[in-house]
Amino acid sequence: MEPGKDQKIWQVVMAIPAGKVASYGQVAEMAGLGRQARYIGRALGKLPQGHAVPWYRVIRSNGQIAFPEGSEIYQEQVGRLEAEGVEVVNGRVAMRRFRWQ
DNA sequence: GTGATGACAGGGA
DNA sequence: ATCCCTGCCATCA
């Protein structure tokens with residue numbers, strides 16, 4: 001696979017405004033991947049150290065965190081979101097998702 | 001080469 | 001609200 005794909009995804013994710021979140025499907029569409037929502041998570045998993053990609057702003061289509069509640073990664077994501085003013089309740093984002101159009 | 005897996009989405013029961 | 005199933009497609013064993 002070409003690294004351009006991942007880079008494109010990262011670029012899209014970085015385009016998400018602070019205090020807002022986007023679903024995997026939204027990111028996939030914006031990145032021109034169509035229905036390849038699964039590839040988003042894969043690309044984010046490849047994130048190298050020192051990156052500036054706000055992966056924590058990417059959530060599921062139903063507004064829920066993509067990680068099991070209570071896990072380390074989960075707590076980190078929630079912490080970062082709350083630091084930006086995004087309220088997370090019961091593993092779910094209480095704020096409206098960011099809409100592109 | 002095949003078959004299973006996955007940081008998903010969407011629809012149906 | 002939950003659980004289950006199907007579709008999509010790159011990656012891995």
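A, B, ... follow the sequence lines: proteins, then strands. Residue 1 opens every chain.
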Rounded off to whole Å, could you give me the [atom1]-to-[atom2] distance for the [X] and [N] pair?
{"X": "A/Glu29", "N": "C/dC8", "atom1": "CD", "atom2": "C1'", "result": "14 Å"}
{"X": "A/Arg97", "N": "B/dC8", "atom1": "CZ", "atom2": "P", "result": "14 Å"}
{"X": "A/Ile40", "N": "C/dC9", "atom1": "CD1", "atom2": "P", "result": "14 Å"}
{"X": "A/Leu44", "N": "C/dT11", "atom1": "CG", "atom2": "P", "result": "14 Å"}
{"X": "A/Trp55", "N": "B/dC8", "atom1": "CH2", "atom2": "P", "result": "13 Å"}
{"X": "A/Ile9", "N": "C/dA10", "atom1": "CD1", "atom2": "C1'", "result": "11 Å"}
{"X": "A/Gln64", "N": "C/dA1", "atom1": "CD", "atom2": "C1'", "result": "12 Å"}
{"X": "A/His51", "N": "B/dA7", "atom1": "NE2", "atom2": "C1'", "result": "13 Å"}

**Item:** Carboxylate-amine/guanidinium proximity below 4.0 Å for A/Arg80 and A/Glu76
**Value:**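 A salt bridge is present here (some side-chain N lies under 4.0 Å from a carboxylate O).
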Given side chains that start at C-beta, do those of [X] and [Y] come closer than 4.5 Å, heavy atoms only?
{"X": "A/Phe67", "Y": "A/Glu72", "result": "no"}
{"X": "A/Phe98", "Y": "A/Arg57", "result": "no"}
{"X": "A/Ile59", "Y": "A/Ile65", "result": "yes"}
{"X": "A/Arg60", "Y": "A/Ser23", "result": "no"}
{"X": "A/Asn90", "Y": "A/Glu69", "result": "yes"}

At a cut-off of 3.5 Å, list every protein nitrogen or oxygen paired with a nitrogen or oxygen from nucleotides 11-13 of chain B, distance to 0.1 Å.
none

Would you indicate, yes or no, if [N] has its OP1 or OP2 atom less than 4.0 angstrom from a side-chain nitrogen or oxygen of [X]?
{"X": "A/Ser23", "N": "B/dC8", "answer": "no"}
{"X": "A/Tyr39", "N": "C/dT11", "answer": "yes"}
{"X": "A/Lys46", "N": "B/dA7", "answer": "no"}

Using a cutoff of under 3.5 Å, can you pull out all pairs of nitrogen or oxygen atoms linking the protein to nucleotides 2-7 of chain C, with atom names and distances?
from	atom 1	to	atom 2	distance (Å)
C/dG7	O6	A/Arg38	NH1	3.3

List the atom of [X], the atom of [Y], and the distance in Å for their closest heavy-atom pair.
{"X": "A/Met30", "Y": "A/Lys8", "answer": "O-CE, 4.2 Å"}
{"X": "A/Tyr39", "Y": "A/Leu33", "answer": "CD2-CD1, 4.0 Å"}
{"X": "A/Ile9", "Y": "A/Ala31", "answer": "CG1-CB, 4.2 Å"}

**Item:** Nearest listed nucleotide, side chain of A/Ser61, among B/dG10, B/dC8, C/dA10
**Value:**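 Closest nucleotide to the A/Ser61 side chain: B/dG10.
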